[in-house]
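Taking it in order: structure first as structure tokens, then the write-up.
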Amino acid sequence: MRFRITPQNASFFEHFADLAGHVLDGANAMRDILGLPQDERSAAAERIKEIEHRGDDATHKIMNEANTSFITPFDRDDIYALASRLDDCLDHLEAAIDIVVLYGIDELPHGVDDQVDILVRMAELTAEAMPRLKSMRDLQDYWIEINRLENAADQRYRQMTAALFREEQDAVQIIKLKAVIDEMEAAADAFETAANTVESIAVKES
Amino acid sequence: MRFRITPQNASFFEHFADLAGHVLDGANAMRDILGLPQDERSAAAERIKEIEHRGDDATHKIMNEANTSFITPFDRDDIYALASRLDDCLDHLEAAIDIVVLYGIDELPHGVDDQVDILVRMAELTAEAMPRLKSMRDLQDYWIEINRLENAADQRYRQMTAALFREEQDAVQIIKLKAVIDEMEAAADAFETAANTVESIAVKES
Amino acid sequence: MRFRITPQNASFFEHFADLAGHVLDGANAMRDILGLPQDERSAAAERIKEIEHRGDDATHKIMNEANTSFITPFDRDDIYALASRLDDCLDHLEAAIDIVVLYGIDELPHGVDDQVDILVRMAELTAEAMPRLKSMRDLQDYWIEINRLENAADQRYRQMTAALFREEQDAVQIIKLKAVIDEMEAAADAFETAANTVESIAVKES
């Protein structure tokens with residue numbers, strides 16, 4: 001029989017993988033909820049709230065452990081930064097759903113499906129990258145691809161915003177749809193910021 | 001006769017208590033100003049501006065002292081963070097009043113009184129907690145209660161936002177009232193962030 | 001023949017001067033683009049995007065160098081902070097132009113010229129101050145003047161916002177013009193935050 005020796009700080013990497021897993025759950029929940037008819041979205045939105053709470057707990061755990069551990073696998077400030085950035089991603093995903101429900105939005109902005117697809121893909125890549133933090137290897141593909149996706153999201157955002165102001169006459173409708181589009185764009189930016197944080201950690205540790 | 005021995009860094013705690021006192025003054029001034037008839041609010045709003053300037057000065061003093069002191073009572077970065085977070089609370093309170101005055105808002109959003117009551121209570125708890133930073137004792141009740149109040153504020157915010165989009169037809173009115181409601185919610189979030197900062201300092205120092 | 005001895009960390013100061021140069025280019029490009037007829041703005045806006053990319057590269061270079069240098073001319077965190085704050089200035093300038101183009105804004109808000117003049121002046125002062133980081137001398141005039149300009153920008157912002165809500169009836173027009181005015185104000189705030197960062201570095205290093 002062999003014992004598995006768990007290194008002292010394995011838990012940090014596990015917590016980051018956990019947190020990124022919640023972010024991915026959040027992205028998938030967002031896609032599901034937006035696919036529902038309007039009158040079913042409000043109840044379904046509870047799910048993404050629960051996921052967000054789990055994300056908060058995971059973030060909290062990382063912060064507390066960083067505060068109380070004598071040794072951390074990388075710089076304490078970088079641990080805070082990365083946990084906060086991942087948490088931001090989930091916050092923006094949840095906020096987008098929140099706007100759809102709270103503002104009573106029926107017809108979603110044209111093109112939002114593309115934004116959602118990009119965000120789900122960003123969440124997948126982020127969740128896949130976290131286990132590689134331990135070795136600090138093969139992370140470059142992750143941040144390069146996230147940056148590419150963020151550019152794609154940005155272009156889509158620009159087209160949608162221009163179309164909204166060109167085609168929609170109703171000011172209340174503009175307020176509602178603009179809020180959704182903007183929040184999705186903020187989510188894409190948050191994934192890029194998280195990837196940049198990973199890049200800067202990798203540069204330091206290399 | 002006994003001399004009171006003032007420890008070298010007593011001033012940090014005094015400055016934090018000062019700053020939180022300005023935040024509480026700001027919350028009370030906000031409540032007073034919103035209670036006035038519209039044509040008297042603009043002049044009265046000068047008061048909250050003055051309070052905000054005093055808050056900026058107190059923040060500045062803390063930052064400068066942290067920068068120039070050889071020894072600080074807790075981590076320098078945490079001193080910056082807490083001072084910034086308290087200053088943020090006051091900024092949001094002042095911004096809410098600013099919106100009411102600048103946008104020429106006459107009738108306030110229904111339910112704003114509840115938001116204001118919660119914010120004043122949050123400011124009181126924050127001001128009461130600051131003197132306990134010195135001993136780092138009995139702070140847990142503070143951050144737990146602030147988190148509870150933030151949840152209450154959030155629920156009220158959600159009800160008000162949903163009601164606004166359901167009941168108000170006039171887009172300009174939606175723009176105006178939404179800005180007030182959003183800023184109050186941002187203020188509640190800022191108090192929670194400040195309490196979380198205190199919690200993380202307490203965890204580290206314990 | 002004399003050789004110029006470049007101190008090991010000269011490059012940090014050069015990078016900061018570079019970055020601030022891009023910010024100034026951005027402010028000048030913004031002024032030029034806003035002076036064009038609406039149908040020429042979209043093509044011209046590519047220029048400010050290019051400038052922003054150059055700014056991102058310069059920021060990146062500073063960050064990487066701070067991460068990999070054994071010795072830095074001042075505190076590593078302050079290097080990150082100052083680079084980020086300068087980058088924020090450029091982001092807001094670019095965002096203002098972006099809003100004008102994307103929202104299809106024809107007639108600019110009355111008074112925007114004053115906002116632009118102040119921003120260009122802030123960018124000039126910032127670019128002029130960066131070379132003085134090396135000696136940490138004669139920087140006080142810079143941050144005092146920036147603070148004065150930010151107050152002027154703030155007053156103009158307040159007049160413009162109040163006038164917009166008083167005089168404009170069309171909600172879509174309010175949404176559009178408010179977005180421009182707000183972004184310009186955010187740019188002015190960003191210059192002030194950058195100047196405050198320089199002040200806090202100077203206080204520490206003195």
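Within every chain, numbering begins at 1; the chains are lettered A, B, ... in the order of the sequence lines, protein sequences first and strands thereafter.
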Contacting region of [X] [heavy-atom separation from chain C under 4.5 Å]:
X: A/Asn196; answer: neither
X: A/Arg158; answer: both
X: A/Glu168; answer: neither

Nearest non-hydrogen partners of C/Val172 and A/Ala171, listed with the distance: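 Distance-wise, the nearest heavy atoms are CG2-CB, 3.8 Å.
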A/Glu167 atom CD, neighbour heavy-atom count above 12 within 6.0 Å: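 Yes.
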CD (A/Gln155) with more than 12 external heavy atoms under 6.0 Å: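 Check fails, neighbour count at 12 or below.
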Within-4.5 Å side-chain heavy-atom neighbours: A/Asp77 and C/Asp77: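 Contact flag for A/Asp77/C/Asp77 side chains = yes.
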Top contributor to chain C interface from A/Arg166, A/Gln169, A/Glu199 [non-hydrogen pairs under 4.5 Å]: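 Most heavy-atom pairs under 4.5 Å with chain C: A/Glu199.
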Side chain / backbone / both / neither for C/Asp170 at chain A, heavy atoms under 4.5 Å: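 For C/Asp170, there is no contact with chain A at all, as no heavy atom is under 4.5 Å.
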C/Ile175 portion near chain A, given a 4.5 angstrom heavy-atom threshold: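 Only the side chain of C/Ile175 comes within 4.5 Å of chain A.
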Leading residue by heavy atom contact count with chain A [cutoff under 4.5 Å; candidates C/Gln173, C/Met63, C/Lys176]: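 Option with the top pair count is C/Lys176.
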Interatomic spacing from CG in C/Leu102 to OH in A/Tyr157 - rounded to 0.5 Å: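 Going from the CG atom of C/Leu102 to the OH atom of A/Tyr157 covers 6.5 Å.
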